Undergrad: 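Got a structure here, written out as structure tokens. Questions coming.
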Amino acid sequence: MEFFTIESSIRNRRARPFILKRRAMEIQLNNRQNWIPFQEIQQRLPPLIRALGPHPGEVSLLLVEDREISRYNRRYLNRSGPTNVLAFSLREGLFPEINPGLWGDIVVSTETAAREARQAGISLMDRVLFLIVHGWLHLQGYDHEKSLQDEQIMEARSREILSRLKAEQRREMVMNKPRLAVNVDHVATLRQARGGNEPDPVTAAAIAELAGAEGIIIHLREDRRHIQDRDLRLLRETVKTRLNLEMGAAEEIIRIALKVKPELVTLVPEKRQELTTEGGLEIVRQKKNLAQAVTRFHRRQIEVSLFIDPDPGQIRASREVGADIVELHTGHYANARNEKEARKLFQRIEEGAELAAGLGLKVSAGHGLNYINIKRFAGVGEIEEYSIGHSLMARAILVGLDRAVREMVGLIEQL
Ligand code: PXP
């Protein structure tokens, strides 16, 4: 590896180090890019650090965009234009003993990484993690530019670390088990059928929580066909987990949501004639309006989820309008007419989940899920929450709500 003098413009002594708790391995993370949310990077680093193993000193990881990496590329390598990753060892060259606590610097351009990820059809985060591993190996003295043999050795080492990383990511996912959120609209539908006061969705929500649900969902429709304003008010007071208010982006409902402050709102397309939400929300064509709505919710510390079809364009647009979560519409998969179609539609959901998580979005899924079709989600680690209503309530009529929720929680725990 060549020797580069490190300037303070690369290393930022004031940046807060990112320290993995159990072992004293310091990674000084310095973020100067906007392609991946900082929070997402922080979340993805611990498994990477575990996969890389111990290192002899502090490492600075600098994430930048093309302009900045072009400057370093020109200054230290005399090459023009941006590159994907640069690694600067502080253990080589003329004065390796000057800073014995430091090991080296890795600089990654997430902008170039995003281009490469698009070309390769992989997630941005996967590409960035690969590049960090690549830089890391350079710091260890591996150099693919020396000879074909050196290139093969470096590739083999890279594969080894990346497969350890996959195992670490799986472990992390097991620790963050997916949750069940229960939609209680159907309880309100039954109540409205007679116009009385039973069954009460507020009681149903409490039973669902006691049985292990980790969220309660209600859809306050403009026509108030099932959930009423009173339900929202009471549930805001009684829900102990997370209250998710599903809604169309109508001004009246937005104002109610801002006032009541659920933990989370899920924006869905709403039509008066439909029996239930029919398709995903169209984000691409209404980015401006949605971005404004998202900002209003964020100002009130309300998280925003967008219910969308698992379509790459809609997923990227969701990220662009500032959503925190995408709920991937599973209804088409649930209604597939045969196994071949189900497999194809499921693959879209899997790929959508991976893309969304790679963009730093949290992912949930819902619509039409039941005790059978949920099983196919085994191993789709990106999905953090499943929103289920109809199949749960249908079963609850026969076996009781407590048992129906416990059975679904059990299935989701096994995914
Ligand atoms: N997610 C969203 C956005 C929905 O509109 C619905 C239906 O109200 C669900 C999840 C739950 O769907 P299901 O009742 O089919 O389980």
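Both ligands and their constituent atoms are indexed starting at 1 by order of listing. Since the model is a prediction, treat every value here as computed from it, not as a measurement.
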Undergrad: Looking at ligand 1, is there an atom of it that comes within less than 4.0 Å of some heavy atom belonging to His186?
TA: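 In this structure, His186 qualifies as a contact of ligand 1 - some heavy atom is under 4.0 Å.
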
Undergrad: Should the pair Arg127-Glu116 be classified as a salt bridge under the 4.0 Å nitrogen-to-oxygen rule?
TA: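 Counted as a salt bridge, because a side-chain N and a carboxylate O are separated by less than 4.0 Å.
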
Undergrad: For atom 15 (O) of ligand 1, find the nearest protein heavy atom and state the residue, atom name and distance (0.1 Å precision).
TA: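 I find the closest protein heavy atom is Gly368 N, 2.8 Å.
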
Undergrad: Look at atom 14 (O) of ligand 1 and say which protein heavy atom is nearest, naming residue and atom and giving the distance to 0.1 Å.
TA: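 Of the protein heavy atoms, His390 N, 2.9 Å lies nearest.
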
Undergrad: Taking 4.0 angstrom as the limit and counting only heavy atoms of Ile388, give me the atoms of ligand 1 inside it, by number and element.
TA: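 In order of number, 16 (O).
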
Undergrad: Provide, to 0.1 Å, the distance between atom 11 (C) of ligand 1 and the closest protein heavy atom, together with that atom's residue and name.
TA: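 For atom 11 (C) of ligand 1, the nearest protein heavy atom comes out as Ser387 O, 3.8 Å.
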
Undergrad: Could you tell me the residue and atom name of the protein heavy atom closest to atom 10 (C) of ligand 1, and the distance to it rounded to 0.1 Å?
TA: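 Heavy-atom neighbour on the protein nearest atom 10 (C) of ligand 1: Glu327 OE2, 3.3 Å.
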
Undergrad: Please state which protein non-hydrogen atom is closest to atom 16 (O) of ligand 1 and give its distance, to 0.1 Å?
TA: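 The closest heavy atom on the protein side is Gly389 N, 2.8 Å.
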
Undergrad: Looking at Lys259, I'd like to know if its NZ atom is crowded, meaning that more than 12 non-hydrogen atoms belonging to other residues, nucleotides or ligands lie closer than 6.0 Å.
TA: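 12 or below, so no.
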
Undergrad: When you measure from the heavy atoms of His367 to every atom of ligand 1, does any distance fall below 4.0 Å?
TA: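 The answer is yes: ligand 1 sits under 4.0 Å from a heavy atom of His367.
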
Undergrad: May I ask you to decide if Ala113's main-chain N or O and Asn84's side chain share a donor-acceptor pair within less than 3.5 Å?
TA: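 Pair absent, no side-chain N/O of Asn84 close to backbone of Ala113.
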
Undergrad: Return the closest protein heavy atom for atom 5 (O) of ligand 1 as residue, atom name and distance.
TA: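 The closest heavy atom on the protein side is Glu246 OE2, 2.5 Å.
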
Undergrad: Determine, using heavy atoms of Ser391 and all atoms of ligand 1, whether some pair is separated by less than 4.0 Å.
TA: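 No.
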
Undergrad: Atoms of ligand 1 less than 4.0 Å from Val268 heavy atoms?
TA: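 Matching atoms, with element in brackets: 3 (C).
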
Undergrad: Check whether the ring centres of His138 and His144 lie less than 6.0 Å apart, and answer yes or no.
TA: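 Centroid separation for His138 and His144: below 6.0 Å.
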
Undergrad: Output, in order, the C-alpha distance, side-chain angles, deciding distance and verdict of side-chain contact (heavy atoms from CB on, under 4.5 Å) for Phe377 and Ile349.
TA: CA-CA 10 Å; Phe377 286 81; Ile349 298 169; 4.0 Å; yes

Undergrad: Residue-level breakdown please: for His219 versus ligand 1, do any non-hydrogen atoms fall below 4.0 Å on the side chain, on the backbone, on both, or on neither?
TA: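 Looking at His219 and ligand 1, no heavy atom falls under 4.0 Å.
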
Undergrad: Checking the side chain of Arg319 only, and the main-chain atoms of Leu359 only, is there a donor and an acceptor separated by less than 3.5 Å?
TA: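 Between the backbone of Leu359 and the side chain of Arg319 there is a qualifying donor-acceptor contact (under 3.5 Å).
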
Undergrad: Keeping the roles fixed (side chain from Thr330, backbone from Gly366), state whether a donor-acceptor pair exists under 3.5 Å.
TA: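 Such a contact is found between Thr330 side chain and Gly366 backbone.
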
Undergrad: Please determine whether side-chain hydrogen bond (donor to acceptor under 3.5 Å, both in side chains) holds for the pair Asn183 and Ser387, giving the CA-CA distance in whole Å, both sets of side-chain angles, and the decisive distance to 0.1 Å.
TA: CA-CA 7 Å; Asn183 182 315; Ser387 308; over 6 Å; no

Undergrad: Any donor-acceptor pair under 3.5 Å linking the side chain of Gln314 with the backbone of Pro310?
TA: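 Judged by distance alone, no pair lies under 3.5 Å.
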
Undergrad: Note the single closest protein heavy atom to atom 8 (O) of ligand 1, along with its residue, its atom name and the distance in Å.
TA: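 The closest heavy atom on the protein side is Asn183 ND2, 3.3 Å.
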
